[in-house]
Amino acid sequence: MTTKTSPDYEVVVIGAGVTGIYQTYLIDKIGLTVLGIDAAPDVGGTWFWNRYPGCRLDTESYAYGYFALKGIMPDWSWSERFAGQPEMLRYVNEAADKMGVRKHYQFKTKVISTVFNEDEELWVVTLDDGKSLSCRFLISATGPLSASNMPYFKGLKDFKGKAFHSSDWPTDEKGLAKNTDFSGKRVGVIGTGATGVQIIPIVAETAKDLFVFQRSPNWCTPLGNTPLSKDDMELIRTRFPTILEYVKTTPTAFPYHRDKRKASEVTAEERTKIFEDLYNESGYGIWLSSFRDLLLSRESNQFLANFVAKKIRERVKDPIVAEKLIPVDHPFGAKRVPMETNYYESYNQDNVHLVDIKSIPIKEFTETGVTIGEDHYDLDVIIFATGFDGVTGSLDRIDIRGHDGLRLVEAWEDGPSTYLGLQARGFPNFFALVGPHNGSAFCNVGVCGALQAEWVTRMIEYLKDRDLTYAQPLQSAEDEWTKAVYADFERTLMAETNAWWVKVTEKPDGTIVRRTLVYVGGGPEYRKRCEEVAYNDYEGFELH
Ligand code: NA7
């Protein structure tokens, strides 16, 4: 029995995205006081901030979202197989209404620091309005892709046109994206990851000239979006429980299982037929349901890479441009595979120009555009689709201090060290949802984030029921988990890339160290382990 000071709130949840609002709802449901905090003026998280034209899910809409809430959102209908951002934002808003969570949120507020008070075993959270408050349990749901990467470029501040990051798109008073008609404009897009690949074909439709400044091409495959009819939706609705059970069995909670065979176990003709079928199907299938050794065997990977390269050559008319669009620096699927709609065909338009900035990098920006080598490009608008400081970026931007003033950013300097990807020793009572090394960041976040929030809620309930005020991992449990996460990743071809889920650091002697930020052991294995831990009275945690 402990006699600690009562905190202002039992739980503070940082973030009002899909996972954060569900976590806040669950904590409220078990009767604990909870405060949610978000920098945005409303709910939505990634769907609030990313309003660029072309922004949409590339998870099947019906496989993303609040399965647990079907009871209170039985009438929701998706209009497209892969919903666009405005629909996603409406969905999260309606979910927030139905859950009644807005009243627990303080919006337009940033968390500046969180400091663990050892005597009282609670967190002191300081906000950018100057106020501080305390909570027993701190839960971050800050999103794996919310800290934008806006690189420094010489002269950019002098540019007289419009320049913005994709997640900071200018909006009107209703919050709708402005400046989406590029007629008569010369537009530059920097970055060809999943975001750039969504933006480019849309901008190409109206821009006078679109210059795509590409550092590295990605392996992109067709999204295959289609509208969903009323009948489709009725069928989906009847299948909700089955869909949830199904996606829970797949490694990433997307509705795809890998082919049980290795690529070498079938003939060349069969392989081509399989790849062709997958290429023509919607969504991630080609990445997630092709041969089981795709990300383990270089030979297997090369079969698929060759197939997709051939498709790029077929779709892009200019052979020089086609070659520039074929990746040579990473295996297929070892980085995120952007899902595209008319991406490659955009390069067949006279107004679209691909500029390689790897061999000749950007020199500087000027008042009127950008200089690359000796060439100057006049621009009216520059869109930075330069990605995010993935997974840990949003946590690094908060000054999180645990025992003895230990700063999280320093504790994780060489890569995260966690137990179950949920807690780190030295930071008691702090849970990171969809954070590093847990089974949710490399996953269909709509599903995995919710399952994780349910697990954390049960753990907090367990602690409250027993009047326990302190939980942190044992060093041995954390070491074992972290070692296994790194080892699993090292076995894959993903370990050689600089994808957003890899932390790349250069050591003083010039060596490059790549450490994974995500767990690649698969959702089922992850959740099995979490269930075992819970069943065994939170084995591996130090509780009192
Ligand atoms: P990504 O996938 O990280 O892509 C970022 C892109 O920006 C990528 O092409 C980068 O090239 C490029 N980049 C980054 N910094 C620079 C600089 N300094 N100069 C030129 N080019 C640069 O981010 P996205 O937003 O596209 O997608 C992130 C996720 O959001 C995505 O997986 C979805 O799940 C949603 P590089 O490859 O590093 O050479």
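Below, all heavy atoms of this structure are taken into account, side chains as well, without hydrogens, waters or symmetry copies. As the structure lists them, so they are numbered: ligands from 1, and atoms in each ligand from 1.
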Among [options], closest by any non-hydrogen atom to [atom]:
atom	options	result
atom 36 (P) of ligand 1	S216, S146, P338	S216
atom 24 (P) of ligand 1	T46, T59, N50, T195	T195
atom 23 (O) of ligand 1	C55, G387, S167	G387

[Y] versus [X], side-chain donor and acceptor atoms under 3.5 Å:
X	Y	value
Y256	E281	no
D58	Y284	yes
T19	Q452	no

For ligand 1, which atoms, with element, lie under 4.0 Å from some heavy atom of [X]?
X	answer
F388	25 (O)
I357	20 (C)
I190	20 (C), 21 (N)
N149	14 (C), 15 (N)

Closest non-hydrogen protein atom to [atom], residue and atom name please, with distance?
atom	value
atom 6 (C) of ligand 1	A385 O, 3.4 Å
atom 2 (O) of ligand 1	G193 CA, 3.6 Å
atom 32 (O) of ligand 1	W500 NE1, 2.8 Å
atom 9 (O) of ligand 1	T192 N, 2.9 Å
atom 33 (C) of ligand 1	R336 NH2, 3.1 Å
atom 12 (C) of ligand 1	G191 CA, 3.7 Å
atom 15 (N) of ligand 1	R215 NH2, 3.5 Å

Task: Pair E94 + R90: basic N to acidic O under 4.0 Å - done: no
Is it the side chain (CB and beyond), the backbone, both or neither of [X] that lies under 4.0 Å from ligand 1, heavy atoms counted?
X	answer
A194	both
V197	neither
L145	side chain
I362	neither

TODO: Could you pull out all residues at least two apart from T171 that satisfy side-chain hydrogen bond (donor to acceptor under 3.5 Å, both in side chains)?
DONE: none
Open item on the list: Within the structure, is a non-hydrogen atom of F153 found at a distance of less than 4.0 Å from ligand 1?
Closed with: yes
Task: K335 heavy atom under 4.0 Å from ligand 1 - done: yes
Task: K208 to F182, cation-pi by 6.0 Å centre distance and 45° axis angle - done: no
TODO: Kindly indicate whether a cation-pi arrangement holds for R258 with F291, taking the cut-offs as under 6.0 Å to the six-membered ring centre and within 45° of the axis.
DONE: no
TODO: Start with the C-alpha gap between W287 and F332, add the side-chain angles, then the distance that decides, and say whether ring-ring contact (aromatic ring centres under 6.0 Å, His included) holds.
DONE: CA-CA 8 Å; W287 185 19; F332 180 93; 7.6 Å; no
Open item on the list: D414 and salt bridge (charged side-chain N to carboxylate O under 4.0 Å, His left out): which single residue from K507, R515, R514 fits?
Closed with: K507
Open item on the list: Can you tell me how far apart CG (N149) and CZ (F384) are? Round to the nearest 0.5 Å.
Closed with: 10.5 Å
TODO: Identify the two heavy atoms, one from H437 and one from T516, that lie closest to each other, and give their separation to 0.1 Å.
DONE: NE2-O, 2.8 Å
Task: Contact list for residues 498-520, test ring-ring contact (aromatic ring centres under 6.0 Å, His included), sequence neighbours left out - done: F442-W501, W481-Y519, Y519-Y526
